[in-house]
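What follows is a single structure, written as C-alpha cells, with notes after it.
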Amino acid sequence: MAKFQRIGVLTSGGDAPGMNAAVRAVTRSALLCGVEVMGIYGGYQGLMDDEMKLFHSSDVSGIISRGGTILYSARALEFKTEEGMAKAIAVCKKNHIDGIVAIGGDGTFRGATDLSIRGIPTVGIPGTIDNDISSTDYTIGFDTAMNTVIDLIDKLRDTCESHARCNVVEVMGRGAGDIAIQSGLATGAIAIAVGEIPFDEEAAIERIRSARANGKRNFIVVVAEGKENYAEGFTKRIQEQTGIESRFTRLGHVQRGGNPTLRDRVTASMMGSFAVDKLFEGQSDIVVCERNSRIVAMNIGFALKVDKLFKGKLTPEEIAAIPPAELSEMQKICDERQAKKMMLYNTARITCK
Ligand code: F6P
C-alpha cells in the first residue's frame, strides 16, 4: 500500500455529464482513507497555473446530480511541452500533491502518462459523451448525451409528422458514430450515416421514397459529425430526389449539458472510487475501464495503443513491434467493439423498415 498525503483531482477535455459524480467519488473515497484532496480547476491548464483548492467533503456536496464540471475544463496545448510539464510538476511539489486522478478523454490519458513517468502517479477515468475510447466499453456522459439526443429527436419527429417532412439530424461524437447509431436505433431513424461504416445513400433514399408511397409522413435521418460535411448536402438530395420537404438540424453543444442519468451517476461513482483504490494500492499510469460490465484497470500505454489500432492509426511497423500475445489481446478488444457496433447498426437497419 503506497503512502499518500494529498492527491489532486481534475477534469480535462470536453465536459461530460457525470464528471461531477466522479469528482465527488474520488474526493470522498480519498478523504475516507485520511488522504487530503486538492480540487484542480481548469484541467491541466489549471494544474500548470496553480489554480486549486483544498477540498472538504462539503465541497462536493449536492453535485452528483449536476451536469458540466464544478472543476471546469480546458484543452491545454502547453501541457504537451516540456516547459508545461515542468511547470505542472513544480506546482505538484509546491502543493504536496503526490498523486492525481484525471477525468477526461484520450488527450487526458496522454497527460496522465506524462505525469506518471515524471513521478506523479496518475490514474485516468474515461469521461466524454463520445464513447470513443476503445479500451473501455463505456465513457461517462454517453448515456446522458444519448438521452438528450433522443428527447430532441422525438420532438423533431412530432413536427415532421405535422408537416409530412424529413429531418436530417447531425449529432456529436467526433470521429465515432456511437451516439448516432444508438440514438438512431432508439428513435427509429430511417437511415443512420456514420464515418466508420459504409453508407448506401441510394438505398436510404429509396427506403424513404417507398415508405412515403406506403403512407408514412415523417422521417428522421441521423448523421454522425464524423461523416464530415455530409448532413446538409444529404438533406438537399433527399428533398430533390423524393420530393419530400426536408430540414437539417445540428444539435450541437446542447448534447453535452444536462443532469446526468442514473447510468452516468452510478458508473462515475464506481469508477471514481475504483481509481482511488488502485492509486492507493500503488498502481499508476492506468486508466479505469468498463469491460463486459466489470470495472477494471488497464495500462494507459496499452489502452492508447488499442485505441489507435481500432481507429486504424497504427503503422504496419508499429503493429509489427507489438509482442504477439499483447497484439492478440488488443485485437480481441477491437473485434468485440466492432462486433457490438455492427450489431447495433444492423439492428437499427432491420427495425427501421
Ligand atoms: O469530445 C466531445 C465533443 O463534444 C465532440 O463530440 C465534439 O466533436 C467536440 O467535443 C466539440 O469540441 P468543442 O467543445 O471544443 O467545440
Side-chain angles (χ1 to χ4, degrees), residues 10-23 41-46 67-80 102-112 124-153 168-184 186 192-197 222-232 248-261 263-264 267-268 271 287 289 303-304 307-308 310-311 313 337 341:
L10 60 84
T11 51
S12 160
D15 63 348
M19 280 183 162
N20 282 329
V23 170
Y41 291 94
Y44 290 126
Q45 189 61 52
T69 160
I70 61 154
L71 288 176
Y72 315 136
S73 196
R75 306 188 201 269
L77 289 179
E78 192 192 350
F79 192 66
K80 292 182 181 160
I103 306 155
D106 51 1
T108 308
F109 301 154
R110 272 188 289 274
I125 295 180
T128 161
I129 64 163
D130 301 338
N131 205 38
D132 64 343
I133 300 172
S134 312
S135 57
T136 180
D137 297 340
Y138 190 77
T139 60
I140 295 165
F142 181 51
D143 187 63
T144 306
M146 282 194 301
N147 276 288
T148 300
V149 170
I150 66 171
D151 181 42
L152 295 170
I153 293 181
V168 177
V169 188
E170 187 189 273
V171 299
M172 278 186 167
R174 209 179 285 275
D178 295 50
I179 296 178
I181 293 171
Q182 295 204 30
S183 60
I192 301 169
V194 299
E196 64 270 44
I197 301 174
V222 179
V223 178
E225 68 174 347
K227 195 159 174 68
E228 285 171 41
N229 305 319
Y230 184 74
E232 269 188 283
F248 166 66
T249 306
R250 177 174 290 131
L251 295 184
H253 284 80
V254 70
Q255 295 162 92
R256 288 236 298 258
N259 300 346
T261 57
R263 167 66 149 129
D264 282 323
T267 304
M271 287 185 167
V287 57
C289 296
L304 290 174
D307 199 51
K308 280 187 164 181
F310 185 76
K311 292 170 183 164
K313 290 183 179 166
R337 188 173 182 84
K341 204 179 267 224

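In each ligand, atom 1 is the first atom listed, and ligand 1 is the first ligand listed. Atoms considered below: every heavy atom in the structure, side chains included; atoms not considered: hydrogens, waters and symmetry mates.
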inquiry  = Nearest non-hydrogen contact with atom 3 (C) of ligand 1 belongs to which option: R256, R75, E225?
reply    = R256
message = Whether the side chain of E225 engages the backbone of G173 through a donor-acceptor N/O pair (distance < 3.5 Å, no angle test) should be reported.
response = yes
query = Can you name the residues that form a side chain to side chain contact (heavy atoms under 4.5 Å, CB included) with D132, not counting sequence neighbours?
reply = T128, D130, R174, A176, K311
Heteroatom distance test (G14, ligand 1): nitrogen or oxygen, under 3.5 angstrom = no
query = Relative to each other, are the rings of Y72 and Y41 parallel, tilted or perpendicular (30° and 60° limits)?
reply = tilted
key: Heavy atom of the protein closest to atom 9 (C) of ligand 1 (residue, atom name, distance)   = R174 NH2, 3.6 Å
task = Can you pull out the closest protein heavy atom to atom 16 (O) of ligand 1? Residue, atom name and distance to 0.1 Å, please.
result = H253 NE2, 3.2 Å
D132, V171, N131, D130: member with heavy atom nearest to atom 1 (O) of ligand 1 = D130
ask   = With sequence neighbours left out, what residues match F109 under ring-ring contact (aromatic ring centres under 6.0 Å, His included)?
value = none
query = Taking non-hydrogen atoms only, is Q255 closer than 4.0 angstrom to ligand 1 via side chain, backbone, both or neither?
reply = neither
query = Is there a donor-acceptor pair under 3.5 Å between the side chain of Q182 and the backbone N or O of M146?
reply = no
